[in-house]
Trainee: 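Sharing a structure with you now.
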Amino acid sequence: MNWLNIDKTHVWHPYNALPSKTKILPVKRTDKTTIFLETGEELIDGMSSWWSAIHGYNNPKLNEALKKQVDIMPHIMFGGLAHEQASLLCEKLVKLTGLNSVFLCDSGSVSVEVALKTAILYQKAKNLNKYKFLASKNAYHGDTLGAMSVCDPENSMHSIYGSYLSEHIFTKSPALGFNTDCSKEIEELEKILEKHHQEIAGFILEPIVQGAGGMRIYNPSYLIKARELCSKYDILLILDEIATGFGHTGKMFAFEHANIKPDIITVGKGLTGGYMTMAAMITSKDVSDIISNSEIGVLMHGPTFMANPLACSVANASIDLLLNSSWQDKVKRIEEIFTEELEKIKGYPLVKDIRNIGAIGVIELKDDCYVQEVQDFCVKNGVWLRPFGKLVYSIVAYTIEEKDLVKIIRTMCEAIKSIKKS
Ligand SMILES: *Cc1c(COP(=O)(O)O)cnc(C)c1O
């Protein structure tokens, strides 16, 4: 395992120092929902590679799609050229979202950048100089510059980057709980929009679940009101479905819980079933028409690897696989198991809150100093989790076996119970 020494000396890991300040485990291979380490240990995957591996790893259908495409055309520039896999994928995304115009990009953060740029262009096309965004506290939209500027100002450490980040307007995040009344937060939203609507191009929001900014589940009524207010002030409603999309909350897209139509959505993570990096920004016909008929006339963005055929082909296969499976029943069963098992740790002294929806289960602790301890316990007991801050959470592939899911949740709980308070 000489390569692990190279990793230690030369390879930067996410949110880390070099050399790493936290333990890094060497992975040999993956299969279904198991991670095989070089050391011979096997871990049940409780993270689905950050919401992406919705079918588990090494799925024969996805492998086949990728292998087939590599012989046909691994890549081709998208400027001035079109290809079948991209068209088929965009058609699927249009059908699934009810929107119209798809811009394919290389990662979630980039799709957020493109969404923000699109909203500015849309307002400019209407002869409005609106350059600010409204965003939510506890939001997470990615790590690139524009995306970071609409993340929670504290979690994403705006203070570190100072004036490098542009300033936007933040509103209270909706109250915790799918059934919790959030009229107070709606009231604040109304006040902010009333005061600032002339400078706000768009309201960017993660629908139903705020992910990396706090794993917060909230009431669909907030989205309904946000839609209403955005329409009233001609502010684009941008829903970031990068984490929630493709079934994670029990609906194909989380905005379906509120039965609304956003102006723009971003998707990524689960889009290729966790195989390749790819994301998309999707807008209504109105948005693309207004930009295209304006003086500027074009959306000025074009990644080199836009619409990469390998990524498109595996995304097509992943969506087909999802639609041909009984994913709703599976996610529902996962939700039931999370509900049942998490209930057992409710009220435990170190636990502040438990919450879950769809394939997502969260334990919020009262303190943020147990991350490594919890992770070590889980790994020792055959489960891969990567807690952050006060949050010990799991997002699982829809194909996970019930006994494995139960083991993940029970290990999470045992890890917390094993903490020795110093
Ligand atoms: C992960 C994530 C992003 C960023 O996607 P990357 O592919 O990591 O750039 C943006 N928004 C949300 C809600 C996410 O969960």
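Remember, it's 1-based here, ligands and their atoms both numbered in the order they're listed. Note that the structure is a prediction, hence the values are computed from the model and not measured. The chain is numbered in sequence order, starting from 1.
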Trainee: Could you list the atoms of ligand 1 found under 4.0 angstrom from a heavy atom of Ser109?
Mentor: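 Here the atoms of ligand 1 in question are 4 (C), 5 (O), 6 (P), 9 (O).
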Trainee: Show which atoms of ligand 1 fall inside a sub-4.0 Å distance from at least one heavy-atom site of Gly142.
Mentor: 4 (C), 10 (C)
Trainee: In terms of relative ring orientation, are His197 and Tyr233 parallel, tilted or perpendicular, with 30° and 60° separating the classes?
Mentor: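 Correct class here is parallel.
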Trainee: Taking NZ, NE, NH1 and NH2 as the nitrogens, is one of them in Asp367 or Lys390 under 4.0 Å from a carboxylate oxygen of the other?
Mentor: no
Trainee: Between the side chains of Asp31 and Arg29, is the shortest nitrogen-to-carboxylate-oxygen separation below 4.0 Å, so that they form an ion pair?
Mentor: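 No.
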Trainee: What protein heavy atom is closest to atom 12 (C) of ligand 1, reported as residue, atom name and distance in Å?
Mentor: Asp240 OD2, 3.4 Å
Trainee: Are more than 12 heavy atoms from other residues, nucleotides or ligands located less than 6.0 Å from atom CZ of Phe36?
Mentor: yes
Trainee: Does the side chain of Gln85 pick up a donor-acceptor pair with the side chain of Asn316 at under 3.5 Å?
Mentor: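 Yes.
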Trainee: Please classify the Trp51 to ligand 1 contact at 4.0 Å (heavy-atom distances, strictly less than): side chain, backbone, both or neither.
Mentor: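 Contact part for Trp51 vs ligand 1: neither.
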Trainee: So between Glu113, Glu241, Lys269, whose heavy atom ends up nearest atom 3 (C) of ligand 1?
Mentor: Lys269
Trainee: With a cut-off of 4.0 Å, which atoms of ligand 1 are near a heavy atom of His141?
Mentor: 10 (C), 11 (N)
Trainee: Just say parallel, tilted or perpendicular for the rings of Phe253 and Phe255, cut-offs at 30° and 60°.
Mentor: parallel
Trainee: Please write down residue, atom name and distance for the protein heavy atom closest to atom 7 (O) of ligand 1.
Mentor: Gly108 N, 2.9 Å
Trainee: Identify, by atom number and element, the atoms of ligand 1 in contact range of Ser107, meaning under 4.0 Å from any of its heavy atoms.
Mentor: 7 (O), 9 (O)
Trainee: Looking only at distance, does Ile242 have an N or O less than 3.5 Å from an N or O of ligand 1?
Mentor: no
Trainee: Should Glu64 and Lys67 count as an ion pair when the cut-off is N to O under 4.0 Å?
Mentor: no
